[in-house]
2 protein chains.
Amino acid sequence: MGKINQAPPATCPVDYAFQRIGGKYKGRILWFLGDGVKRYGQIRRSISGITPKMLTQVLRELEDDRLITRTVYYEVPPRVEYTLTETGRALIPSIQMISTWGQAQMQHQGITAMPLEEGEE
Amino acid sequence: MGKINQAPPATCPVDYAFQRIGGKYKGRILWFLGDGVKRYGQIRRSISGITPKMLTQVLRELEDDRLITRTVYYEVPPRVEYTLTETGRALIPSIQMISTWGQAQMQHQGITAMPLEEGEE
DNA sequence: CCGTATCCTCTGGGATACTG
DNA sequence: CAGTATCCCAGAGGATACGG
């Protein structure tokens, strides 16, 4: 914990933001966490195709950038929960808008979104 | 020209969107074009550090994805203008919000990167 | 002015196996 | 359950030079 960031200095706010939420999975993970606190396994199942290595790596980066918090419960079996920080939560409206845009484009191109299932408990 | 897209099928709207506006420069370029029609050289000078190869490549991808249009004026010297499509323009509010978020975070971290007037204490 | 053409480096991300 | 540990590679991005 606690690196804050070692990315190249941002040239502008847009650059700064995309350095933190760019990449293949971060947008989707933040969006999923916008729904509420989630466990590692829940995130893994919601982000289709991600490997445990990548998931852990991306979660640590988001944590280092103070967009999410990680809470460990020392139980058996282990439980680890991830949730948005206030800073992270502040991004959700933007991602919401981007998602709405994406949905419109997908429909316009005749693409049907793959159903996302989550569940059990 | 006119490939639309050959990216892997999007798993959700957020994924779809980030496949199109992700990468190191696309956000900044779209944001700059939100200001109005721009020439190649103007974009190049506004996106610090980008090489002509990368700029052309990224502009072609944005064009293929119908986010911008490219207009060539056969004059001497040559003039090429880029402008947002309606689809591309629909992204600007999202980028505006992301930029505002980024600006807040940069200030919160004491970063002063842009030649941009600001109030502080 | 607006790009192409080469060549090259680096790293984001993947495959697979293992552990507290 | 929630991760680590290795090994590996395609492709994003960079450096440099040239062309209509």
Checking side-chain polar atoms at under 3.5 Å, does B:Y25 have a donor or acceptor matched by the opposite partner on B:Q57? no
Look at the side-chain N and O atoms of B:R60 and state whether any lies under 4.0 Å from the OP1 or OP2 oxygen of C:dT4. yes
Measure from the side-chain heavy atoms of B:P77 and tell me the nearest of C:dC1, C:dG14, C:dG3. C:dC1
Establish, with yes or no, whether the OP1 or OP2 oxygen of C:dC2 is under 4.0 angstrom from a side-chain nitrogen or oxygen of B:Y82. no
To the nearest angstrom, how far is A:L59 atom CG from D:dG3 atom P? 7 Å
Interatomic distance, B:M54 CE vs D:dG11 C1' [rounded to whole Å]: 11 Å
Between C:dG3 atom C1' and B:Y73 atom OH, what is the distance in whole Å? 18 Å
Closest to the 5' end of DNA chain C, once B:V72 and A:I50 are matched to their nearest nucleotides, is B:V72
Checking all strands, does A:G49 fall into the base, sugar-phosphate, or nothing category for heavy-atom contacts under 4.0 angstrom? nothing
Whole-Å distance between D:dA2 C1' and A:I43 CD1? 11 Å
If we ignore angles and hydrogens, is there a donor and acceptor under 3.5 Å between the side chains of A:T83 and A:R89? no
Hey, which sits more toward the 5' end of DNA chain D by its nearest nucleotide, A:K53 or A:R70? A:R70
Length of the line joining B:E81:CD and C:dC1:C1', which is rounded to integer Å: 13 Å
Among the nucleotides D:dA2, D:dA17, D:dG14, which one has an atom lying closest to any side-chain atom of B:T51? D:dG14
Rounded to whole Å, CG of A:L55 lies from C1' of D:dC1 at a distance of 13 Å
Below the 4.0 Å mark, does C:dG3 have OP1 or OP2 next to a side-chain nitrogen or oxygen of B:R79? no
So what does B:R44 hit on the nucleic acid, given a heavy-atom distance under 4.0 Å: a base, only sugar-phosphate, or nothing? base
Straight-line distance of A:I47 CD1 to A:R28 CZ, nearest 0.5 Å: 5.0 Å
Report yes if a side-chain nitrogen or oxygen of B:Y74 is closer than 4.0 Å to either non-bridging phosphate oxygen (OP1 or OP2) of C:dC2; otherwise report no. no
Whether the B:S46 and B:Q42 side chains hold a donor-acceptor pair (N or O, under 3.5 Å, no angle test) is what I'd like checked. no
Is it the case that B:T100 and B:Q96 place a side-chain donor and acceptor less than 3.5 Å from each other? yes
So, is B:R39 close to the C:dC2 phosphate, meaning a side-chain N or O under 4.0 Å from OP1 or OP2? yes
Between D:dG14 and B:K24, is there an OP1 or OP2 to side-chain N/O distance shorter than 4.0 Å? yes
Rounded to whole Å, how long is the line connecting atom CZ of A:R28 with atom P of C:dG13? 11 Å
OH of A:Y25 versus P of C:dG12: gap in Å, rounded? 13 Å
